[in-house]
Structures are given as C-alpha cells and as structure tokens.
Amino acid sequence: MADESSKGDYCEDERDWPEALLVLGLAPPVSLVGTALFTTGQVSRRMCGHSQAMRALDRIADEREKREKRAEA
C-alpha cells in the first residue's frame, strides 16, 4: 500500500502546475482579442459592401436624372 501512495505523489510532483495555470489564464484574453478582430473584420466587410451598393445606386440615379433631363429638352 505504501507503494501505491508514492505513485500518486510522484505524478502530482511531476505535474507542471505553473505552465498549466498560465495557459488557462491566457486563454480568455486571447479568445477575446480573436473575437474582437473577427467582429471588426466582419463589420468592415459589410460596410464596404454597403458603400459599394450605395455608389452603384447613386450612379443609377444620376443616369436616370440625365435621361429625364434629355427627354424634357
């Protein structure tokens, strides 16, 4: 029985607690940074698409105005 208890102590002594706790402590900040970067990228892509669509609509509206002015003249 003394042999079994010494195996448990050996495994516990060999465990690298500071490294495991460091990794566990760094995981939330790293995940928050990743989430922020992902969100920023998605918003940027959507805003870019929106501005391109607005430019296309402005171009269509300008062409329509020109055609209407020509038709009136």
Side-chain angles (χ1 to χ4, degrees):
M1 286 195 156
D3 192 31
E4 289 179 18
S5 65
S6 66
K7 284 184 182 178
D9 292 339
Y10 174 76
C11 290
E12 189 174 325
D13 291 340
E14 290 298 313
R15 200 169 286 140
D16 194 8
W17 284 108
E19 183 179 330
L21 292 176
L22 177 67
V23 169
L24 185 63
L26 288 178
V30 170
S31 67
L32 288 174
V33 169
T35 301
L37 290 173
F38 177 78
T39 303
T40 302
Q42 289 296 317
V43 169
S44 177
R45 285 183 61 214
R46 287 182 181 249
M47 291 300 294
C48 183
H50 175 72
S51 64
Q52 286 178 347
M54 293 304 295
R55 282 193 295 268
L57 288 174
D58 285 342
R59 198 175 317 119
I60 291 169
D62 290 344
E63 290 172 4
R64 185 180 213 176
E65 283 180 15
K66 287 179 186 177
R67 276 187 275 149
E68 288 175 355
K69 285 182 181 179
R70 282 188 220 145
E72 290 174 2

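Values below: every heavy atom of this structure, side chains too, minus hydrogens, waters and symmetry copies.
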Run the side chain to side chain contact (heavy atoms under 4.5 Å, CB included) test on Met47 and Ser51 for me, step by step, so that the C-alpha distance in whole Å, both residues' side-chain angles and the decisive distance to 0.1 Å come before the verdict.
CA-CA 6 Å; Met47 291 300 294; Ser51 64; over 6 Å; no

Quick one: does any side-chain atom of Thr39 pair with a main-chain N or O of Ala36 as donor and acceptor, under 3.5 Å?
no

When rounded to the nearest 0.5 angstrom, what distance separates CG in Leu24 from CH2 in Trp17?
10.0 Å

Which value, rounded to the nearest 0.5 Å, describes the distance between Arg70 atom CZ and Arg67 atom CZ?
8.5 Å

Correct closest heavy-atom pair for Gly25 and Pro29 would be O-CD, 3.3 Å

Partner of Cys48 under side-chain contact (heavy atoms from CB on, under 4.5 Å), chosen from Gln52, His50, Arg45
Gln52

Heavy-atom count around Glu68 CD within 6.0 Å, excluding the residue itself: above 12?
yes

Which ILVMFWY residues can you reach from Phe38 by hopping between side chains whose heavy atoms are under 4.5 Å apart?
none

